[in-house]
Structure formats: structure tokens, C-alpha cells
Amino acid sequence: MDADIKVALVGNPNTGKSTLFNVLTGLNQKIGNFPGVTVDKKTGFCDLPDRRRAQIIDLPGTYSLYPKSRDESIVFSVLADKSNPLRPDLAVVILDASNLKRNLLLYTQVADLKIPVVVALNMMDLARKADIVIDVDAFAQKLGVPVVPIAARKGEGIDKLKEAIMYANKFALQEDTIDVEAIAPQLIAQIGEEIEVDNPYFALQLAHQHETLAFLTPEQSGRIEELEQQHSFHSQKAQASETIARYNFINDLLYDTVTKKETAQDQTISNRIDKVLTHKTFGFVIFLAILLFIFQSIFAWSAYPMKLIADFFVWAQASLHGILPSGPLTSLVVDGVLGGLSGVMVFIPQIAILFGFISILEDTGYMSRVTFMMDRIMRKVGLNGKSVVPLIGGFACAVPSIMSTRNIENWKDRMITIMVTPLVTCSARLPVYTLLIALVVPNRNIWWIFNLQGLALTGMYIFSLVSAVAVAFVMKHLIRARERGYFIMELPVYRMPRWKNVGLSMYERAKSFVVQAGKVIVAVAVILWVLASYGPGDRFDRIDQKYKQPQYIQQLKPNDLQHAIASEKLENSYAGLLGHTIEPVIRPLGFDWKIGIALITSFAAREVFVGTMATIYSVDGDAEKIESVQEKMHQAINPLTGGPVFTTAVAFSLMMFYAFAMQCASTMAVVYRETKNWRWPVAQFAYMTGLAYIASFITYHLLK
């Protein structure tokens with residue numbers, strides 16, 4: 001898809017950069033990786049006036065061009081490297097109008113790279129509420145670049161911003177914000193001459209960052225190092241001098257263009273709310289209450305749409321069995337593929353509700369407060385608050401959460417966070433938990449408010465966080481490192497959530513769940529159907545001959561006879577033999593060979609457990625009586641005891657196994673990618689599987 005102009009969005013964290021990206025691109029966006037590094041790259045396309053089109057690149061949020069993490073180093077590489085295919089024609093620098101002094105430091109650095117710039121003065125609505133008055137015309141005149149006031153969350157000023165992008169200069173016309181050459185004149189001149197750099201600030205940045213920049217050759221990096229020693233260049237002193245000069249420029253700029261009306265009330269609304277929500281005692285109580293409300297809602301609000309989806313698949317399977325001729329192909333499509341998909345698709349409402357709540361908590365600014373509060377606990381187990389972001393993100397998915405550990409500078413903290421993040425209950429565990437809880441926990445309220453099933457689910461989520469913290473405490477003593485970590489975080493002001501963003505998040509996450517889980521489930525369902533429908537040798541023929549004998553035909557009703565044949569064939573199939581092989585190992589946990597098959601298949605992805613159980617019980621069941629996977633599992637009988645297979649002890653034993661086991665190939669792959677060593681994912685798999693077995697064993701024998 002061709003674009004007339006390439007635009008990079010640059011800004012500090014919490015300036016509304018991602019919101020503006022979503023407003024400009026809508027659903028016309030994709031996520032990949034920046035070349036050479038595993039850092040998310042969000043790109044999209046935006047329609048401009050006169051049928052022109054812009055490619056929008058959302059660069060990682062950063063406070064400065066001096067990087068503190070791998071994400072932040074991307075910004076300078078993309079903006080400065082002329083050979084980078086992502087280098088923009090224009091940089092749109094997003095400034096928080098209510099906090100200009102902090103935001104302008106990054107702007108001055110970008111401007112001094114002499115890239116064409118447009119300033120998007122975002123959050124003007126909040127600035128007005130804070131009685132901040134900005135003379136936009138004077139502001140633009142002093143900067144020498146177009147300045148567009150906007151409120152991205154409300155869609156204000158977006159059309160004017162698009163016009164500014166379309167009519168932006170192709171060459172940088174802004175004046176220097178500071179005298180860069182005065183910081184290290186001889187070094188800058190010599191780097192510019194030898195590396196062929198015509199921009200003084202670019203040359204200064206090369207002096208600071210040459211060791212980490214991929215676009216420099218080893219020879220060039222080595223030569224810059226020699227020049228630094230020759231001119232006695234001290235990077236930290238130079239950065240300090242530069243920062244002081246930049247803030248002198250910023251102070252003069254704000255003095256001339258920004259006024260704030262004095263008010264008698266010093267505390268903002270956000271500060272007053274924070275006194276309650278981040279209280280050292282009540283803050284945690286409120287957080288637990290919010291979690292309880294979320295998981296109560298997941299059960300209560302999803303019940304009706306889940307029933308509709310389950311009924312649809314039951315109807316579809318019954319209809320297809322009636323329409324299609326009986327045979328292996330029909331069984332594969334209806335019992336294998338459709339049966340496997342039905343077990344997972346029914347959980348789409350719960351996934352959507354969960355991500356809707358997560359989006360609301362992030363959009364309002366509350367999730368940042370949770371991170372701040374959890375920092376106190378994290379420090380006691382040897383981590384810092386930056387570890388909380390991946391752990392809380394683990395409620396959604398461990399894969400992006402582990403990738404987000406890149407901003408943890410301390411190696412030990414980062415490794416411990418990577419090792420414990422998969423313990424946090426992710427969305428893939430949700431279908432397993434809700435299915436098993438619905439089987440054994442009564443659907444009734446206590447104290448007229450709290451649903452028992454919702455309480456059980458809340459307990460599993462809290463248990464996962466406690467487990468992660470406990471394991472982190474142990475690993476603090478196992479992994480040795482001397483460096484100390486620190487935690488600096490800005491708490492954004494509270495805002496009303498943008499309901500369009502919430503809806504978009506629910507749609508994208510549900511779609512991602514369906515597409516990603518669906519691919520794995522269809523593949524596993526087809527393989528599993530083949531393994532469950534065929535067996536070695538002539539076993540199936542002997543079973544058919546056995547049940548043709550008069551005593552079976554006379555004693556059993558036709559439906560019971562068909563069920564007996566299907567059950568015995570399943571037990572003698574390749575899948576059945578595999579299940580029986582591992583049954584002695586899992587029998588102490590209360591699991592039979594059918595559950596064993598599901599445990600093996602779900603090592604690809606946890607949610608495959610539900611699809612596997614649906615496929616197994618479809619193959620084992622009566623083709624004339626199509627039921628939902630929950631009904632099939634509820635009616636399953638243990639041949640050894642004559643009672644139900646899924647007792648309270650078995651269900652909670654299974655949940656304990658899934659709470660600890662590393663059953664996600666994608667997570668193991670990303671752990672290897674982030675650590676660059678197979679010993680970490682192997683060690684992670686080993687300790688989590690061991691914990692899963694022990695926890696499941698204890699739970700089963702306590703409850704049976």
C-alpha cells in the first residue's frame with residue numbers, strides 16, 4: 001500500500017501518542033517488529049485531504065533521545081539513520097499541553113536533528129481545566145514549526161493536524177534550540193568530518209551512543225572512541241550541560257507563551273483520588289474489590305451470550321450430521337473440527353469482557369496506580385515496580401508481557417520477572433477455569449451479592465499473583481547479581497475511558513483469540529480426530545465383531561450399543577493408547593487417560609484443553625445426541641468408581657495443574673528470544689511442571 005508521506009509519531013509516555021495513532025489509522029494498522037530487534041513496531045495508514053495518504057509509524061514512548069532501554073534506543077535509530085527504511089519524512093511530536101516543561105526536552109532534541117517537525121499540542125481539554133492558557137501562535141513562532149492544538153481522546157483538531165501533515169515542509173526550517181557545537185566543538189567537528197555527518201547534534205549523539213548503534217560499522221565506532229579519548233570527552237558531563245541549556249531555552253519559551261491562573265486549591269482532583277486509591281491499606285482492599293467485581297461480571301454478564309454460542313454449535317453439529325452422509329469425512333468435520341472449535345468459541349464473551357475491563361483500567365489511569373502500589377511488595381521479594389507491569393499484563397497474555405521486561409535495566413530483576421510472569425493467570429487459562437468451575441462450583445450467591453463461581457475464579461487469579469511473588473522471592477536467592485534496580489514512573493491524571501477505544505480493544509483481542517487459538521485448535525482437532533478414530537492393527541475390526549454377537553445385540557439398546565462400540569474404539573485408538581501410556585503417571589493426580597490426552601495436546605496452548613475434551617467426547621459420544629462440551633463432561637462416568645469423572649477434587653486438581661504448568665509453546669519461544677539462551681526456557685518448563693505436579697497432587701488428596 002503506497003503512501004505519499006511517511007510520518008513518525010514521537011512523544012513521552014502518557015502523552016496520548018497511542019490514542020492519536022489509533023484515531024489517525026483506525027483499524028487500518030498492523031503490528032510487527034523493528035528490523036534487528038524484538039521491539040513492537042506499529043504502523044498504519046491515514047487518509048489526508050486531496051486523496052493523499054500517509055504512512056504512520058508509532059515509535060516507542062521516550063523521555064529523551066538518550067536511551068535507558070532497548071525500546072527507547074529505537075527512536076534515535078529511526079530518526080537519524082538515513083539508510084533506515086522507516087526513516088520518516090516528517091516527525092509529529094506530541095506534547096502534553098498540561099505538562100509542557102517535561103515534554104519539550106524531547107522536542108528540542110528531535111528539532112535539533114533537523115527533521116521536518118509538526119507539533120501536536122495534545123490534551124488541550126485538560127490544560128483548559130487546569131487553567132493553563134497557551135498562546136499557540138506565539139508558541140509556533142518561537143519554535144519555528146507548525147503547532148496544532150488537539151484533544152485526541154475527543155477527536156478535536158484531528159482534521160487540522162492532517163492538513164498540517166499534508167502541507168508540511170520537506171526541509172527542516174526550525175532554528176537551533178541550543179548551541180550544540182559549544183558542548184564539544186572540536187570533537188563534533190572531527191566526527192562530522194570523518195563520519196561524514198553534516199548535523200552537529202547528530203555528531204554529538206554519535207559520540208554518546210556509538211557503541212549501541214547498528215548503522216555504524218565497527219571501524220567507525222572504534223574511531224569515534226579514539227576521538228573521545230583524544231578530546232577527553234565525558235559523556236555524562238556533556239549530557240548534563242546539554243540538558244541545562246535545553247531547559248534554559250524551555251523556561252524562556254514557556255515564560256513568553258504560557259500562563260497559568262493561580263487558584264487557592266493546590267491539590268488536583270487526581271491527587272485527592274490518589275489519597276484513597278493508593279492508600280497503603282485501603283488501596284489494596286479497593287484493588288481486590290475491583291478484581292472481585294471483574295470476575296463476578298465475567299460469569300454473570302457472559303452467561304446468556306455463551307449459551308447462545310453453545311446452542312448454535314449444538315444446532316450446527318446436529319444439522320450437519322443430518323444433512324451430510326455418514327462417514328469419516330463427516331465425522332472429521334463435525335466431531336473433529338467443529339467439535340473442537342465449539343469448546344473454545346463459546347468463551348469469546350468472557351475474553352471480550354476481561355479485555356474490556358483491562359482497557360478501562362488502563363485508559364482511566366488506574367493500572368498505573370496498581371503498579372505504584374505493588375512496588376512496595378515487589379521490593380520485599382527482591383524486585384522493583386517495573387516488574388509489576390509485566391505481571392499485571394500477564395492477566396492478558398504472557399508473551400507481550402515478557403517482551404515488555406526490556407525496560408527493566410537490572411539484569412537480575414529482568415530475569416526473575418521473565419521466569420515468574422507465566423505463573424500469572426492469562427486469558428488462555430480463563431476457558432479452562434470457567435469450564436471446570438462451572439462443573440463443580442454451584443451457581444448461587446452468598447450474602448445476596450457474591451456468586452460462588454465468581455469467587456472461585458477471583459481466588460484463582462489472586463492465587464496466581466501470590467504464587468508469582470513467592471517464586472520470585474525464592475529466585476532472588478538463586479540468581480546472583482550485584483547491580484541495583486530503580487523504579488521511576490509517572491502517574492497520569494485520571495480520565496474517563498474512551499469507549500471507542502474500549503470497544504476496539506475488545507474487538508481486537510477477541511479477534512486475536514479466535515484467529516490465533518482457532519488455528520492451533522483446528523490443527524490439533526484434526527490430528528486428534530485421526531488419532532482417536534483409528535487404531536493399530538485390527539483392533540477396531542475385532543471390536544466390531546465382538547459387538548455383533550447375539551448377547552450384546554439382545555442385552556443393549558441400539559443407542560447404548562453404539563456408545564459401547566465408540567467408547568471401546570476410543571480406548572483402543574492411537575489417542576487412547578497414548579493416554580493409557582501416561583495414565584500411571586497422572587493417576588495420583590486424579591486424572592484418567594482422557595484427561596491425559598488433553599494435557600499433552602494443551603502443551604501447545606492451554607486453551608486447547610477445552611477443544612480437546614470437546615473432540616474426545618464427540619468421538620466417544622452418540623452422534624444422534626449432540627451436546628455442549630460442559631454437558632458432556634458433566635455426564636462423564638468414571639468406570640472404576642461409577643461416579644462422575646469430574647469431581648470437585650479432580651476439577652480443582654486440574655486447575656492447580658494449569659495454574660502452574662508451562663503449557664504454551666509461544667511463551668517458551670519468546671523466553672528464548674528474550675534471553676538468547678535455551679537454558680532459561682528449559683529451566684522454566686522444568687520448575688513450572690514440577691510445581692504443577694506437586695500442587696495438583698496435594699490438592700487432589702486433600703479434597704478427594
Side-chain angles (χ1 to χ4, degrees), residues 8 10-12 15 59 61-68 72-73 75-82 88 90-97 99-121 134-136 138-147 169 171-193 195 197-210 213 224 227-228 231-258:
V10 185
N12 291 180
T15 54
L59 294 177
T62 181
Y63 292 103
S64 165
L65 289 184
Y66 296 109
K68 297 292 188 295
E72 293 181 352
S73 68
V75 179
F76 177 73
S77 296
V78 171
L79 294 179
D81 181 11
K82 293 182 179 180
L90 174 71
V92 174
V93 180
I94 296 96
L95 305 181
D96 176 358
N99 200 346
L100 284 173
K101 187 169 185 177
R102 185 202 64 212
N103 285 209
L104 279 166
L105 175 65
L106 178 62
Y107 162 79
T108 60
Q109 293 175 325
V110 174
D112 284 345
L113 285 175
K114 297 307 177 187
I115 298 170
V117 172
V118 168
V119 169
L121 210 53
I134 303 171
D135 186 338
V136 177
F139 195 79
Q141 186 176 0
K142 285 190 171 289
L143 294 181
V145 299
V147 176
N169 292 313
F171 302 98
L173 301 179
Q174 62 265 24
E175 297 290 334
D176 292 337
T177 59
I178 64 171
D179 185 1
V180 174
E181 294 184 44
I183 298 172
Q186 294 177 335
L187 175 64
I188 290 173
Q190 205 159 350
I191 290 177
E193 182 181 337
I195 310 297
V197 173
D198 57 3
N199 179 271
Y201 191 55
F202 188 8
L204 180 62
Q205 284 286 346
L206 292 181
H208 288 298
Q209 302 189 48
H210 63 89
L213 295 174
I224 293 173
L227 292 174
E228 286 182 10
H231 294 287
S232 302
F233 179 74
H234 297 282
S235 180
Q236 289 184 340
K237 290 182 180 179
Q239 283 188 41
S241 300
E242 178 192 337
T243 302
I244 291 170
R246 292 194 182 283
Y247 273 110
N248 287 335
F249 170 83
I250 291 168
N251 290 335
D252 291 342
L253 171 68
L254 297 181
Y255 181 82
D256 293 334
T257 60
V258 180

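These numbers were taken from a predicted model, which means no experiment stands behind them. Along the sequence shown, residues are numbered consecutively beginning with 1.
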For residues [X] and [Y], report the shortest heavy-atom separation together with the two atoms involved.
X      : Y      : value
Leu79  : Ala8   : CD2-CB, 4.5 Å
Leu113 : Tyr201 : CD2-CD2, 3.9 Å
Asn12  : Thr62  : ND2-O, 2.9 Å
Val197 : Ala203 : CG1-N, 3.9 Å
Val92  : Ala120 : CG1-CB, 4.0 Å
Val93  : Val117 : CG2-CG1, 3.9 Å

What I'd like to find out is whether the side chain of [X] reaches to under 4.5 Å of the side chain of [Y], using heavy atoms alone.
X      : Y      : answer
Glu181 : Leu204 : no
Tyr247 : Leu105 : yes
Phe139 : Leu95  : yes
Val147 : Ile134 : no
Leu254 : Leu104 : yes
Gln174 : Leu143 : no

Quick one: [atom1] on [X] to [atom2] on [Y], what's the gap to the nearest 0.5 Å?
X      : Y      : atom1 : atom2 : answer
Leu206 : Ile224 : CG    : CD1   : 5.0 Å
Gln239 : Tyr66  : CD    : OH    : 5.0 Å
Ser64  : Glu242 : OG    : CD    : 7.0 Å
Lys101 : Leu253 : NZ    : CG    : 12.0 Å

>> Exactly one of Asn199, Asp198, Asp176 should register a side chain to side chain donor-acceptor pair (under 3.5 Å) with Lys114. Which one does?
In response: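 Only one option passes, and that is Asp176.
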>> Taking salt bridge (charged side-chain N to carboxylate O under 4.0 Å, His left out) as the definition, give me every residue that meets it alongside Asp135, ordered by chain and number, with sequence neighbours left out.
In response: none
> Considering residues at least two apart in sequence or located in another chain, which fulfil the salt bridge (charged side-chain N to carboxylate O under 4.0 Å, His left out) criterion with Asp256?
Replying inline: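 Asp256 satisfies salt bridge (charged side-chain N to carboxylate O under 4.0 Å, His left out) with Lys142 only.
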>> Using modelled atom types and a 3.5 Å cut-off, is there a donor and acceptor pairing between side-chain atoms of Asp112 and backbone atoms of Thr177?
In response: yes
> Has the side chain of Gln209 got a donor or acceptor atom that lies under 3.5 Å from a matching backbone atom of Leu65?
Replying inline: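 Side chain of Gln209 to backbone of Leu65, a donor-acceptor pair under 3.5 Å: yes, one is there.
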>> Restricting to ring pair (Phe, Tyr, Trp, His ring centres under 6.0 Å), what partner residues turn up for Phe233, sequence neighbours left out?
In response: His208
> Side-chain donor-acceptor pair under 3.5 Å between Asp96 and Thr15, yes or no?
Replying inline: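 Looking only at side-chain atoms, Thr15 and Asp96 do not form any donor-acceptor pair under 3.5 Å.
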> Pick one: which of Ile250, Val145, Val10 meets side chain to side chain contact (heavy atoms under 4.5 Å, CB included) with Tyr107?
Replying inline: Val145
